[in-house]
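Note that ligands are numbered from 1 as they come in the structure, with each ligand's atoms numbered from 1 the same way.
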Amino acid sequence: MADGQQTSFSHDPVMRDEIVDVFAEVPPGTILDATLGGGGHSEALLEARDDVDVIGLDRDPEALHAATQRLGHFGRRFRTTMRRFDDIDEGLAEHGVEALSGAIFDLGVSSHQLDEGSRGFSYRNDGPLDMRMGPDANWTADDVVNGYDVRHLADIIRRYGEERFASRIANAIVAARPIETTNQLAEVVVAAIPAPARRTGGHPAKRTFQAIRIEVNGELEALPTAIDKAIDRVVPGGRVAVLSYHSGEDRIVKQRMMAAANQCECPPELPCVCGAVQTVRIVRKVAKKPSAAEMERNRRSTSARMRVAERIVEDS
Ligand SMILES: C[S@@+](CC[C@H](N)C(=O)[O-])C[C@H]1O[C@@H](n2cnc3c(N)ncnc32)[C@H](O)[C@@H]1O
């Protein structure tokens, strides 16, 4: 992991204007940016609302360093915490904050993480097989690529990468061990995919790299708890917005928001006797996508889906 001293950090915040709109009318107070990255969304919110402050959370020290430099001029209105986003409670306690006006999650990796070869996420820029978002991750891409058995490897490539050639790729990886760099891994993956299929759907190694990254960082495991905790912390009228980038993430987001919107567990044909209270309303039934212009300008935004829930009642 680099020492966090670099200052250039490029990441174009996805659906920036839409995020500003989502939080335009939440009550004054604190908004948690649970995936601070380069601080693009935090900056937009701090500029748009002078009656809110932001706590920026990230597990990546490089992101925290870059965002602190960028947003330092907001003074006490911008504070940070370095941890995983399912540790929201500890992050808020660090700053003596209990209730939130809102929370935003912009899932996955930043362009900086993806492009910086030394982080090991890139199938274009060579680097070590690392892929850890932060020092808290328990293992690296090397452990997955060179250590998992072929069935386990195929399973994560299929599930987290939605890759139809997962078995072929997993077999090719195992046959090529030891694999030491991201370029070597990318070459093995590309060679395992039939030539006609390599020509469609972006870089042929993209889905496999995404799958390994999700596995290394336990990305899907942390998400349900994090969303539930954020919903619990938000005041009436406050909102939780989540930008996800693949169907596995979006399914979890939708499920957690729907659970909070209708927590009654009674059979639907009978009147409610369980006393469940609906805590949020879903702001849009269908996830919102970036505009055509944004997708054209920023290719990395194309898979984004935004879901928003608004808190409607106070806990008794
Ligand atoms: C897509 S980037 C966010 C970009 C940011 N919205 C901006 O405008 O610059 C996602 C960030 O979330 C962080 N991240 C992802 N999963 C995390 C988790 N479970 N806990 C803490 N941070 C996480 C990553 O390290 C990365 O910096």
Side-chain angles (χ1 to χ4, degrees), residues 1-2 4 6 8-20 22-23 31-48 54-71 78 80-92 94 102-116 119-121 130-138 160 210 213-230 241-246 248-250 252-253 256 290 294 298-306:
M1 186 117 345
Q6 102 300 334
S8 72
F9 191 108
S10 82
H11 180 88
D12 195 357
V14 172
M15 300 180 80
R16 181 186 189 280
D17 295 345
E18 291 86 341
I19 289 292
V20 168
V22 162
F23 293 103
I31 293 179
L32 174 73
D33 184 345
T35 48
L36 177 64
H41 287 126
S42 286
E43 180 178 69
L45 293 168
L46 287 162
E47 282 173 352
V54 168
I55 294 178
L57 178 154
D58 207 295
R59 65 197 292 189
D60 181 351
E62 288 186 15
L64 291 162
H65 178 74
T68 301
Q69 286 202 327
R70 176 177 182 171
L71 304 176
F78 174 68
T80 61
T81 179
M82 186 170 99
R83 57 188 73 247
R84 279 170 40 140
F85 55 43
D86 47 337
D87 288 338
I88 286 176
D89 295 341
E90 293 78 356
L92 296 183
E94 190 184 324
I104 168 176
F105 295 79
D106 177 18
L107 301 174
V109 271
S110 66
S111 300
H112 174 78
Q113 289 166 326
L114 272 181
D115 295 338
E116 186 67 42
R119 301 294 303 267
F121 289 101
D130 190 327
M131 299 199 196
R132 287 171 299 160
M133 285 180 182
D136 62 280
N138 290 330
Y160 298 158
Q210 170 183 295
R213 184 204 92 207
I214 289 173
E215 173 71 5
V216 167
N217 293 289
E219 289 178 43
L220 300 190
E221 284 103 75
L223 191 52
T225 307
I227 293 174
D228 289 355
K229 286 184 176 178
V242 187
L243 288 166
S244 59
Y245 295 86
H246 67 91
E249 281 174 349
D250 187 50
I252 293 172
V253 177
R256 296 323 305 154
E294 176 168 6
N298 178 8
R299 300 293 301 156
R300 285 184 179 155
S301 73
T302 48
S303 55
R305 301 286 177 272
M306 180 173 76

Original post:
Where does Leu107 meet ligand 1, judged by heavy-atom distances below 4.0 Å: at the side chain, the backbone, both, or neither?
Top reply: backbone
Original post:
Any nitrogen or oxygen of Val109, main chain or side chain, under 3.5 Å from a nitrogen or oxygen of ligand 1?
Top reply: no
**OP:** Output the list of atoms in ligand 1 that are nearer than 4.0 Å to some heavy atom of Leu57, sorted by atom number.
**Re:** 21 (C)
Subject >> Sub-4.5 Å side-chain heavy-atom contact between Leu223 and Phe85 >> reply: yes
Subject >> Closest protein heavy atom to atom 22 (N) of ligand 1, given as residue, atom name and distance to 0.1 Å >> reply: Arg59 N, 3.3 Å
Original post:
Got an N/O contact under 3.5 Å between His41 and ligand 1?
Top reply: yes
Original post:
atom 11 (C) of ligand 1: which protein heavy atom is closest, and how many Å away?
Top reply: Asp58 OD2, 3.5 Å
Subject >> Beyond-backbone contact of His41 with Leu243, side-chain heavy atoms, under 4.5 angstrom >> reply: yes
Original post:
If we only count heavy atoms from C-beta on, is the Glu62 to Gln113 side-chain gap below 4.5 Å?
Top reply: no
**OP:** Heavy-atom contacts with Arg83 under 4.0 Å: which atoms of ligand 1 show up? List them by number with element.
**Re:** 20 (N), 21 (C)
Original post:
Is Arg59 salt-bridged to Asp136, cutoff N-O under 4.0 Å?
Top reply: yes
**OP:** Would you mind finding which of Arg300, Gln113, Met133 brings a heavy atom closest to atom 14 (N) of ligand 1?
**Re:** Met133
Original post:
Among protein heavy atoms, which lies nearest atom 20 (N) of ligand 1, and at what distance?
Top reply: Phe85 N, 2.8 Å
**OP:** Report yes or no: does Ile104 have a heavy atom closer than 4.0 Å to ligand 1?
**Re:** no
Original post:
Quick one: side-chain contact (heavy atoms from CB on, under 4.5 Å) partners of Ala63, sequence neighbours excluded?
Top reply: Phe9, Asp58, Asp60
Original post:
Quick one: does ligand 1 sit under 4.0 Å from the side chain of Leu36, the backbone, both or neither, non-hydrogen atoms only?
Top reply: backbone
Subject >> Heavy-atom side-chain proximity of Leu45 to Asp33 below 4.5 angstrom >> reply: no
Original post:
Under 3.5 Å, N or O to N or O, is Ser110 touching ligand 1 that way?
Top reply: no
Original post:
Less than 3.5 Å between some nitrogen or oxygen of Gly38 and one of ligand 1, yes or no?
Top reply: yes
**OP:** Could you tell me which atoms of ligand 1, counted from 1 in the order shown, lie closer than 4.0 angstrom to a heavy atom of Pro13?
**Re:** 8 (O)
Original post:
Can we say Glu219 and Arg213 salt-bridge, meaning some charged N sits less than 4.0 Å from an Asp/Glu carboxylate O?
Top reply: yes
Subject >> side chain to side chain contact (heavy atoms under 4.5 Å, CB included) between Val253 and Phe105, intermediate numbers included >> reply: CA-CA 10 Å; Val253 177; Phe105 295 79; over 6 Å; no
Original post:
Which ligand 1 atoms, with their elements, are less than 4.0 angstrom from a heavy-atom of Asp60?
Top reply: 25 (O)
**OP:** Using distance alone, decide if ligand 1 has a nitrogen or oxygen within less than 3.5 Å of any nitrogen or oxygen in Asp106.
**Re:** yes
Original post:
So, do Asp106 and Pro13 sit near enough that their side-chain heavy atoms are less than 4.5 Å apart?
Top reply: no
Original post:
Would one find an N or O of Asp33, backbone or side chain, under 3.5 Å from an N or O of ligand 1?
Top reply: no
Original post:
Of Ile104, Leu107, Asp250, which is the lone residue that meets side chain to side chain contact (heavy atoms under 4.5 Å, CB included) with Val242?
Top reply: Leu107
Subject >> Lys/Arg N to Asp/Glu carboxylate O, Glu43 vs Arg70, below 4.0 Å >> reply: yes
Original post:
Quick one: does His246's side chain get under 4.5 Å of Leu220's, heavy atoms only?
Top reply: yes
**OP:** Report the nearest protein non-hydrogen atom to atom 3 (C) of ligand 1: residue, atom name, distance rounded to 0.1 Å.
**Re:** Thr35 O, 3.2 Å
Original post:
Which ligand 1 atoms are under 4.0 Å away from a heavy-atom of Gly39?
Top reply: 7 (C), 9 (O)
